Novice: 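The structure under discussion is supplied below as structure tokens; questions concerning it will follow.
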Amino acid sequence: MHHFDLIAGTLHAEGVSLETLATAVGTPAYVYSSATLRRHYGLLRDAANAWPDALGEALIAYAVKANSNLSVLATLARLGCGADTVSEGEIRRALTAGIPAQRIIFSGVGKTDSELAFAIDVGVRQINIESAVELDRLIAVAEARSANPAIAIRVNPRIGAGGHAKITTGGDTDKFGVPVEEALALYARAAESPHVTPVGLACHIGSQITTLEPLEAAFRVLREMTLTLRARGLTVSRLDLGGGLGVPYSGAATVPPSPADYVAMAARVLDGLGVEAAFEPGRLLAANAGVLLSRVIQVNERSDGRRFLVLDAAMNDLLRPALYDAEHELLPVRPRAGDSRPYDVVGPVCETGDTFARDQPLPPLQAGDLVVFMGAGAYGAVMAGEYNSRPLVPEVLVDGDRWAVVRVRPTYDEMLAREPRADWL
Ligand code: LLP
């Protein structure tokens, strides 16, 4: 579900024409819909509120890594959303956007001592510990500050899932979390320290998961572990269920379960434990709230019959197709009449990897036409770079008839000025 629709033959983001935006901001550019962000958050919030007994006062901690734009975060912050963060930079963004520290979870497999100290100092809700060695470091950092942060132990349940091997995190060879037995021992060890307070368990088994079975199996592991820890006299009051629920990318064959079914499943598994649940959705909130707007530079009709649609957006702007073979539906902003023909959709970067799609049937397109990649609101702009010295792609937020540039495209002068010349050159 999203708010990008044709109005009088032209694709709009809510009430704003994408042609207007392309003229005003230039292309390529990311365009986000506030209404879609609000809708997705609302669906999940309502679903979680429906199960107060099983999920407690559930926290929805948006995974900032999916789209960390300050205005996107501020839109969610105003709805009461929390944040799942994996670096000091993300914590700073969440705080700057108005998300209270008490709704911020700090996760990640390699937090530095100074990041841990920062998280303690600002008073995040919980630090998710991912290894024995990290627990030792946190205890030392907390002791030096006479602090006692709340922690959860991230379990690796040996259940990996997700849309691609590179985004599967719960498998036994993946770098994330601690195996079950070790996690139980670590929890007990943490409980003995006066410098940390273990409050719960966490897991996150992968991303773009399109069936409930692996998620349910992982939540059952957390449930069993909770009972085991309690039988050993330990307190477990929170379960952090991670993110990972897939989204219906338009045109994709698999339709993932709805947020309501996902949350109902979690409520079933956690029923009777009396814990407070946390969800860490990233893609679910942001993916379909954004498009990448691009202009056709030219159509190369080669003598061997291949037809290349060359766009001004490239892999440096939207990396997912090159990195994960991801498919993002391409739509013309003002569709022309005529039969569809197959195109290879490519960007200008000097690599064959800079190919968005092969033999994609598309309606007639010409140089100068505008197109959008759908479902690009999550893991799009955040993964963009300046490869081939292409300026970092700007971002625009739409809200009804209003719009604002929420990340500015750097000028070439600004890009060059970031690189001071070595004084011997
Ligand atoms: N929690 C933790 C601890 C995570 O590592 C992640 C994502 C999430 C929550 C949010 O997962 P989501 O709900 O968005 O599936 N760049 C990749 C996705 C990487 C996901 C990494 N972890 C992509 O473009 O598909």
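Remember, it's 1-based here, ligands and their atoms both numbered in the order they're listed. These numbers were taken from a predicted model, which means no experiment stands behind them.
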Novice: What protein heavy atom lies closest to atom 21 (C) of ligand 1? Include the residue and the distance to one decimal.
Specialist: Lys65 CD, 3.8 Å

Novice: Below 4.0 Å, non-hydrogen atoms only: which portion of Glu280 touches ligand 1? Side chain, backbone, both or neither.
Specialist: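 The answer is both.
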
Novice: Once you restrict to heavy atoms under 4.0 Å, what part of Phe176 touches ligand 1? Side chain, backbone, both or neither.
Specialist: neither

Novice: Could you walk me through whether Lys111 and Glu134 pass the salt bridge (charged side-chain N to carboxylate O under 4.0 Å, His left out) test, one step at a time?
Specialist: CA-CA 8 Å; Lys111 311 175 198 76; Glu134 186 183 46; 2.8 Å; yes

Novice: At less than 4.0 angstrom from any non-hydrogen atom of Asp84, what atoms of ligand 1 do you find?
Specialist: 1 (N), 2 (C), 9 (C)

Novice: I need the single residue from Leu43, Leu37, Thr36 that forms a side-chain contact (heavy atoms from CB on, under 4.5 Å) with Arg39. Which is it?
Specialist: Leu43

Novice: Would you say Ser207 and ligand 1 have an N/O pair spaced under 3.5 Å apart?
Specialist: yes

Novice: Between the side chains of Asn300 and Gln298, does any donor sit under 3.5 Å from an acceptor?
Specialist: yes

Novice: Under 3.5 Å, is there a donor-acceptor pair between the side chain of Asn156 and the main chain of Phe176?
Specialist: yes

Novice: Might you work through the side chain to side chain donor-acceptor pair (under 3.5 Å) test for Ser207 and Arg283, ending with a clear yes or no?
Specialist: CA-CA 8 Å; Ser207 195; Arg283 194 187 310 267; 2.7 Å; yes

Novice: Which of the atoms in ligand 1, numbered in the order shown and given with their element, are less than 4.0 Å from a heavy-atom of Arg154?
Specialist: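 Contacts of ligand 1 toward Arg154, numbered from 1: 3 (C).
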
Novice: Please lay out, stage by stage, how Glu216 and Arg220 fare under the test salt bridge (charged side-chain N to carboxylate O under 4.0 Å, His left out).
Specialist: CA-CA 6 Å; Glu216 176 161 358; Arg220 287 199 183 282; 2.9 Å; yes

Novice: Between Glu327 and Tyr249, does a side chain to side chain donor-acceptor pair (under 3.5 Å) hold up when you go through it step by step?
Specialist: CA-CA 8 Å; Glu327 292 171 12; Tyr249 283 110; over 6 Å; no

Novice: With atoms numbered from 1 as shown, which atoms in ligand 1 lie under 4.0 angstrom from a non-hydrogen atom of Arg320?
Specialist: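 Reading through ligand 1 atom by atom, the close ones are 23 (C), 24 (O), 25 (O).
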
Novice: Looking only at heavy atoms, is any part of Glu130 under 4.0 Å from ligand 1, and if so is it the side chain, the backbone, or both, or is it neither?
Specialist: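 Contact part for Glu130 vs ligand 1: neither.
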
Novice: For atom 20 (C) of ligand 1, which protein heavy atom lies nearest, and how many Å away is it?
Specialist: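 Protein heavy atom with the smallest distance to atom 20 (C) of ligand 1: Tyr379 OH, 3.5 Å.
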
Novice: Between the main-chain N or O of Val141 and the side-chain N or O of Asp113, is there a donor-acceptor pair closer than 3.5 Å?
Specialist: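 No, because the side chain of Asp113 does not come within donor-acceptor range (under 3.5 Å) of the backbone of Val141.
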
Novice: In the protein, what heavy atom is nearest to atom 17 (C) of ligand 1, and what distance, to one decimal place, separates them?
Specialist: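 The closest heavy atom on the protein side is Tyr324 OH, 3.1 Å.
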
Novice: Indicate, as side chain, backbone, both or neither, the part of His204 found under 4.0 angstrom from ligand 1 when only non-hydrogen atoms are considered.
Specialist: side chain

Novice: Please lay out, stage by stage, how Arg295 and Leu370 fare under the test side-chain contact (heavy atoms from CB on, under 4.5 Å).
Specialist: CA-CA 4 Å; Arg295 202 178 280 283; Leu370 291 168; 3.6 Å; yes

Novice: Flag Ala63 as yes when one of its N or O atoms lies below 3.5 Å from any N or O atom of ligand 1, and as no otherwise.
Specialist: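 There is no such contact.
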
Novice: Return yes or no for this condition: an N or O of Gly244 is under 3.5 Å from an N or O of ligand 1.
Specialist: yes

Novice: Residue-level breakdown please: for Met383 versus ligand 1, do any non-hydrogen atoms fall below 4.0 Å on the side chain, on the backbone, on both, or on neither?
Specialist: side chain

Novice: So, the side chain of Arg307 versus the backbone of Pro342: is there a donor-acceptor pair under 3.5 Å, distance only?
Specialist: yes

Novice: For ligand 1, which atoms, with element, lie under 4.0 Å from some heavy atom of Gly243?
Specialist: 9 (C), 13 (O)

Novice: Walk me through whether Asp240 and Asn128 qualify under side chain to side chain donor-acceptor pair (under 3.5 Å).
Specialist: CA-CA 9 Å; Asp240 178 346; Asn128 288 358; 3.0 Å; yes

Novice: Report yes if some N/O of Ser107 lies less than 3.5 Å from some N/O of ligand 1; otherwise report no.
Specialist: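 For ligand 1, there is no N or O atom that lies under 3.5 Å from one belonging to Ser107.
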
Novice: Heavy atoms only, cut-off 4.0 Å: how does Pro281 contact ligand 1, side chain, backbone, both, or neither?
Specialist: backbone

Novice: For Ile209, which part has a heavy atom under 4.0 Å from ligand 1: side chain, backbone, both, or neither?
Specialist: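 Neither; nothing of Ile209 gets under 4.0 Å from ligand 1.
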
Novice: Under a 4.0 angstrom heavy-atom cut-off, which atoms of ligand 1 come close to Arg283?
Specialist: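 Heavy-atom distances to Arg283 below 4.0 Å select 12 (P), 13 (O), 14 (O), 18 (C), 23 (C), 25 (O).
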
Novice: If you look only at distance, which donor and acceptor atoms sit under 3.5 Å apart when one is on a side chain in residues 373-382 and the other is two or more places apart or in another chain?
Specialist:
none

